[in-house]
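Here, residue 1 is the first one in the sequence, and each next residue gets the next number.
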Amino acid sequence: MKQIRKVIALCMAVVLLAGSFSGQTIAEAKSSKGKVTLKVGKTNYTKRTCQLVKGQKVSVKVKTSNLKGKKKVTYSSSHEKIVSVSSKGRIYAKKKGTAKIKVVVTSEKKKMTSWLKIKVVNKAKSPKFDFKRKTVKLNSGYSMPLNGIGTYSLEGDECVKSVSEALKRGVRLIDTAYMYDNEREVGKAVRESGIPREKIFVTTKLYPDQYDNPEKAINDSLKRLNIDYIDLLLLHHPGENDVKAYQAMEKAVRQGKVRSIGLSNWYIEELQEFLPQVSITPAVVQNEIHPYYQESKVINYVHSLGIVMEGCLSVYP
């Protein structure tokens, strides 16, 4: 137990139902050198795609501080049956499909135009939780334990002993990462546990400094773990070439190297931009969520896509 207390992170699946997104501001149109840039949260959109869930209502805010005189803003949709937009910039995702929202800002003789492509997806079924077995069924078809341990800061024999003791006491989800520098130790504990491999769920992660060569990063993790396959592989947080890295993870799934893939430290704005660019819907989004730090809107949005929200709670010795 002494070793267990030194485990830094406790990972657990969070159970909340999908909710409403009315009132969310999705975009701000800002003039910049003769063009309009649409902004969602911290993400700038210039002819990019944003994903919404059927029934979702959002607003477009327009800021044109460098335009002089009286300003007129008009909005239009290329497919009103898919996405409608009001004269005040209120967007409503009606049905599955893709449409473009056009924003035109006119001031005196100046006119600026920008587009934001909206991809609308159907609301997915909420993840299926089995509290008797203490598992949740992922959209990949595999089951994940509802709780487990993280291994951040555990090194060498201490890591092997901690993971081994956790497995003896019934823990079946072990979370590691390339950056933790203990994948070898985690793999050793799993192999020597005497527990059938399919009964243990191992998560590891890729970091942004690996996104430029993701195939090598995945193979390196597999080699260090030496446990035949990875149950869940996550991108640790948004970064340059994150789509490229995720596409390599999709390939690893098809090759049987990885069973489920997902994201870590991704929130609504990042997901709305990222998801239209990939083929396999993430099975899990892992963020810091616990009684002292709650993200209800994020959980609702993630669950509405059929993705399991996994909360990470830091536990310090």
Side-chain angles (χ1 to χ4, degrees), residues 9 11-14 124-130 133-151 163 166-167 171-180 182-184 186-191 193 195-207 210-211 214-236 242-266 271 274-275 278-287 302-303 305-312:
C11 296
M12 57 186 177
V14 178
K125 293 182 180 179
S126 296
K128 295 182 179 179
F129 292 85
D130 187 334
R133 297 182 179 180
K134 298 180 180 180
T135 61
V136 58
K137 189 72 171 289
L138 305 178
N139 60 28
S140 59
Y142 295 97
S143 292
M144 181 178 79
L146 288 184
N147 58 72
I149 64 167
T151 58
V163 174
L167 291 170
V171 174
R172 291 294 180 267
L173 188 159
I174 310 297
D175 183 286
T176 182
Y178 145 77
M179 191 62 74
Y180 299 175
N182 60 13
E183 287 176 313
R184 289 185 178 86
V186 168
K188 180 179 180 181
V190 170
R191 293 193 307 273
S193 68
I195 300 169
R197 172 67 187 92
E198 64 273 14
K199 298 292 184 180
I200 303 175
F201 193 98
V202 178
T203 299
T204 192
K205 314 174 193 74
L206 303 186
Y207 279 70
Q210 297 177 293
Y211 293 174
E215 290 85 0
K216 181 179 183 302
I218 294 169
N219 289 331
D220 286 348
S221 278
L222 280 165
K223 184 177 180 180
R224 288 189 292 266
L225 286 164
N226 190 21
I227 52 175
D228 298 329
Y229 60 87
I230 296 167
D231 292 278
L232 176 63
L233 182 62
L234 307 174
L235 292 186
H236 193 267
D242 51 14
V243 173
K244 174 184 176 182
Y246 193 88
Q247 290 171 341
M249 288 162 56
E250 292 177 326
K251 182 178 179 181
V253 170
R254 294 191 290 270
Q255 293 173 333
K257 297 177 179 179
V258 178
R259 288 190 167 184
S260 303
I261 55 179
L263 307 167
S264 181
N265 301 302
W266 245 267
L271 288 167
F274 183 85
L275 294 177
V278 300
S279 300
I280 299 177
T281 300
V284 173
V285 170
Q286 183 194 88
N287 291 347
V302 167
H303 280 196
L305 297 171
I307 301 170
V308 167
M309 188 81 231
E310 185 181 29
C312 182

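The OG atom of Ser143 sits 8.0 Å away from atom CZ of Arg133, with the distance rounded to the nearest 0.5 Å. Annotation: the span from Ile230 atom CD1 to Ile218 atom CD1 amounts to 7.5 Å, rounded to 0.5 Å.
No donor-acceptor pair under 3.5 Å is formed between the side chain of Asn287 and the backbone N or O of Glu310. Counting only distance, with no hydrogens or angles, the side chain of Arg172 and the backbone of Leu167 share a donor-acceptor pair below 3.5 Å. The backbone N or O of Val186 lies less than 3.5 Å from no partner atom in the side chain of Arg191, so there is not a single donor-acceptor pair. Glu183 contributes no side-chain N or O that, together with a main-chain N or O of Ser221, makes up a donor-acceptor pair within less than 3.5 Å. Here the side chain of Glu250 pairs a donor or acceptor atom with the backbone of Ser279 at under 3.5 angstrom. Checked by atom type and distance alone, the side chain of Asn182 pairs as donor or acceptor with a backbone atom of Thr151 at under 3.5 Å.
Partner of Asp220 under the side chain to side chain donor-acceptor pair (under 3.5 Å) criterion, chosen from Arg224, Lys216, Lys223: Lys216.
Using a 4.5 Å heavy-atom cutoff, the side chains of Ile174 and Ile149 are in contact. Ile307 is listed as a side-chain neighbour of Thr281, based on a closest heavy-atom distance under 4.5 Å. Residues Arg259 and Val253 have side chains not in contact (no heavy-atom distance under 4.5 Å, counting atoms from C-beta outward). By the 4.5 Å heavy-atom criterion applied to side chains, Tyr211 and Leu206 are counted as neighbours.
Taking the six-membered ring where the residue is Trp, His236 and Tyr207 present parallel rings, their angle staying beneath 30° rather than reaching 60°.
Judged purely by distance below 3.5 Å, without hydrogens or angles, the side chains of Thr135 and Asp130 never pair a donor atom with an acceptor atom. Checking Asn219 against Lys257 by side-chain atom types alone, a donor-acceptor pair falls below 3.5 Å.
Judged by the 6.0 Å and 45° rule, Arg197 forms a cation-pi pair with Tyr229.
In this structure, Phe274 has its ring center closer than 6.0 angstrom to the ring center of Tyr246.
A salt bridge links Lys205 with Asp175: the distance from a Lys NZ or Arg NE/NH1/NH2 to an Asp or Glu carboxylate oxygen falls below 4.0 Å.
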